[in-house]
J.: 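To start, I am sharing the structure in question, which I have written as structure tokens.
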Amino acid sequence: MILRTWQNPWRLMLAVNAAVLAGVFLHKIALPPFVPYIHLLVDYHYGFTKRALVGAIVSLFTDKVPVWLVFALAGAIWLLTLGLFVRLFQRTFGFDDAHWPLFVFIAGSPFFLKNFMHTLGHFDIYGCALTIVLLLIPARSVMYVLIAATFSIALILVHHIFVLMYVPAIAAIVVLRFYLMQGATPRNIAVGLAALAAVGILFLVAQFEGTVDVPYDEFIRHLQGRMADPSRTDLLQFGYIWYQPLSKEFADTWARMPSNILGVPVFALLIWLHTPLWQYFARLIEALASELHRRIVLAALVLISAGYGVMFVTVFDYSRWISNWAVCMFLMLHAVKMLPASKDVPVIPADDRKTTVLGWIVTLIPRVGIVRPF
């Protein structure tokens, strides 16, 4: 087995990726640049509050929240996401030798599991996990639409930015897996429109009515009362975000834009390094049996990307946004593969020199980051 791994560069890349992941984890634990601890403290103590679902659930089990719980919960969801993705890839493509390059470019991408490891404690991975679940479960009845709506509602309650981050991808997957396959009957359309309305209304309520309406000092005292170590006031420095209006988020983002925009060429380079994957994705779309399906897929990819464009001009965590955009593309690739095709699609060539070099570069890049590249 060891000899076979050394003889196959793509299997060796997987082993190297595992080592890189371990390094990212150790670095995260040893030198955490930011611990998103406050999100586990905020609950519904003062009524409906945005970004409070996870904290409210935590409050059902413990009155005092230790810092280590951030990493325990984040590590558990990371492992769950890994398992779900492996199952999804196995079901969609299989783990034969021909598909190892595809698996390396997705699972080993610095946009995906490695960056989720670097951003442990952030909630982005919840959207990824629920989207993978939606790709795994059957899409045979209108119940599929209701499940997708429930996932979307839960994500918005976790953080309202999911309405742009993963809800568009969830909606696109529902269209591809349910409406294109089961038909757009009046009943199905009515349920879909009702689901969209419910999700949209909830987002508006969370965005504009989810602000804490008690004095800031009182809010901070409540959070300190939930801390296992109330002396760690440094972990409460971002409490202002529960008071910050949308206009302030715009202002902060545009104030940082001149320096943060310098990272765009790096993001473009990282995307280019995945060229064999994008080419394979394009071949999958081209091979679809229906011209209507191709047009709908392309429209879905544009709409998902447009949502991330809105995030780019609203909130300045650019490395997170570009990474999650790439993850949405990876998951959409699986959704497209589930559609009827008119011909077989050549896989990513395992013996092409350029592809192998790009695979190694993607493997060795540990992560993308949170705001600026790396």
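What you see is a predicted model; the values in this text were computed from it and never measured. Computation of the quantities below employed the complete heavy-atom set of this structure, encompassing side-chain atoms and omitting hydrogens, waters and symmetry-equivalent molecules.
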J.: My understanding is that only residues two or more places apart in sequence, or in another chain, count here; which of them pass side chain to side chain contact (heavy atoms under 4.5 Å, CB included) with Q207?
T.: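 For Q207, the residues satisfying side chain to side chain contact (heavy atoms under 4.5 Å, CB included) (neighbours in sequence not counted) are H160, F203, L246.
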J.: Angle class for the W278/H274 ring planes (parallel below 30°, perpendicular above 60°, tilted otherwise)?
T.: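 Ring orientation of W278 relative to H274: tilted.
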J.: If you count the non-hydrogen atoms of other residues, nucleotides and ligands that lie under 6.0 Å from CZ in R140, is the total more than 12?
T.: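 Result for CZ/R140: open.
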J.: Please identify each residue that fulfils salt bridge (charged side-chain N to carboxylate O under 4.0 Å, His left out) with K64, with sequence neighbours left out.
T.: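 Listed in chain order: nothing, the list is empty.
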J.: Mind checking what makes side chain to side chain contact (heavy atoms under 4.5 Å, CB included) contact with F312, not counting sequence neighbours?
T.: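 Only Y318, W321, I322 meet the side chain to side chain contact (heavy atoms under 4.5 Å, CB included) criterion with F312.
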J.: Are more than 12 heavy atoms, taken from residues, nucleotides or ligands other than M143, located less than 6.0 Å from that residue's CE atom?
T.: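 Check fails, neighbour count at 12 or below.
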J.: Please check: side-chain N/O of K114 versus main-chain N/O of T363, any donor-acceptor pairing under 3.5 Å?
T.: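 Side chain of K114 to backbone of T363, a donor-acceptor pair under 3.5 Å: yes, one is there.
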J.: Please check: side-chain N/O of S319 versus main-chain N/O of R372, any donor-acceptor pairing under 3.5 Å?
T.: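 A pair under 3.5 Å: yes.
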J.: Backbone N or O of A107 within a donor-acceptor pair of the N17 side chain at under 3.5 Å?
T.: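 No, because the side chain of N17 does not come within donor-acceptor range (under 3.5 Å) of the backbone of A107.
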J.: State whether the side chain of T49 and the backbone N or O of Y44 hold a donor-acceptor pair below 3.5 Å, judged by distance alone.
T.: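 Pair absent, no side-chain N/O of T49 close to backbone of Y44.
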J.: Going by distance alone, is a donor N or O of one side chain under 3.5 Å from an acceptor N or O of the other, for N115 and H118?
T.: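 The answer is no; no qualifying pair exists.
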J.: What residues, two or more places apart in sequence or in another chain, satisfy ring-ring contact (aromatic ring centres under 6.0 Å, His included) together with F95?
T.: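 If we apply the ring-ring contact (aromatic ring centres under 6.0 Å, His included) test to F95, skipping adjacent residues, the hits are F89, W100, F103.
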J.: Hey, would you say the Y240 and Y243 ring centroids sit under 6.0 Å apart?
T.: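 No.
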J.: Is there side-chain contact between F111 and M329, with heavy atoms separated by less than 4.5 Å?
T.: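 Side chain of F111 against side chain of M329, heavy atoms only: no contact under 4.5 Å found.
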J.: Just to verify, what does R177 make a salt bridge (charged side-chain N to carboxylate O under 4.0 Å, His left out) with, not counting sequence neighbours?
T.: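 Salt bridge (charged side-chain N to carboxylate O under 4.0 Å, His left out) check on R177 returns nothing, list empty.
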J.: Who passes salt bridge (charged side-chain N to carboxylate O under 4.0 Å, His left out) against R320, sequence neighbours left out?
T.: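 R320: salt bridge (charged side-chain N to carboxylate O under 4.0 Å, His left out) contacts with D124, D317.
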J.: Does the side chain of T211 come under 3.5 Å of the side chain of W242 through a donor N or O and an acceptor N or O?
T.: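 W242 and T211 do not have a side-chain donor-acceptor pair below 3.5 Å.
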J.: Does the pair Q224 and R221 meet the rule for a side chain to side chain donor-acceptor pair (under 3.5 Å), with working shown?
T.: CA-CA 5 Å; Q224 281 184 294; R221 283 196 298 271; over 6 Å; no
J.: By salt bridge (charged side-chain N to carboxylate O under 4.0 Å, His left out), which residues pair with R232, not counting sequence neighbours?
T.: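 Result, salt bridge (charged side-chain N to carboxylate O under 4.0 Å, His left out) vs R232: D234.
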J.: Which donor-acceptor pairs under 3.5 Å do side chains of residues 279-289 form with protein atoms, sequence neighbours excluded?
T.:
{"from": "R283", "atom 1": "NE", "to": "P346", "atom 2": "O", "distance (Å)": "3.3"}
{"from": "R283", "atom 1": "NH2", "to": "P346", "atom 2": "O", "distance (Å)": "3.1"}

J.: Looking only at the aromatic ring of each residue, does the gap between the centers of F93 and H334 stay below 6.0 angstrom?
T.: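 So the answer is yes for these two rings.
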J.: Please state whether the rings of W10 and F105 are parallel, tilted or perpendicular, taking 30° and 60° as the class boundaries.
T.: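 It falls in the tilted class, 30° to 60°.
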J.: Only counting residues at least two apart or in another chain, list the ones meeting ring-ring contact (aromatic ring centres under 6.0 Å, His included) with Y46.
T.: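 H222.
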J.: Can you list everything that forms a side chain to side chain contact (heavy atoms under 4.5 Å, CB included) with L204? Sequence neighbours excluded, please.
T.: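 Listed in chain order: F208.
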J.: Restricting to ring-ring contact (aromatic ring centres under 6.0 Å, His included), what partner residues turn up for Y166, sequence neighbours left out?
T.: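 So Y166 forms no ring-ring contact (aromatic ring centres under 6.0 Å, His included) with any residue.
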J.: Atom CZ of residue position R87 - does it have more than 12 heavy atoms of other residues, nucleotides or ligands inside 6.0 Å?
T.: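 It does: R87 CZ has more than 12 such atoms within range.
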J.: If you count the non-hydrogen atoms of other residues, nucleotides and ligands that lie under 6.0 Å from CD in E209, is the total more than 12?
T.: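 Not buried by this count: 12 neighbours or fewer within 6.0 Å.
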J.: When you look at CG of D63, are more than 12 heavy atoms from neighbouring residues, nucleotides or ligands closer to it than 6.0 Å?
T.: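 Open: at most 12 neighbouring heavy atoms sit under 6.0 Å from CG of D63.
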J.: Go through the structure and list residues passing side chain to side chain contact (heavy atoms under 4.5 Å, CB included) with F25, not counting sequence neighbours.
T.: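 By the side chain to side chain contact (heavy atoms under 4.5 Å, CB included) rule, F25 matches I29, M117, L120.
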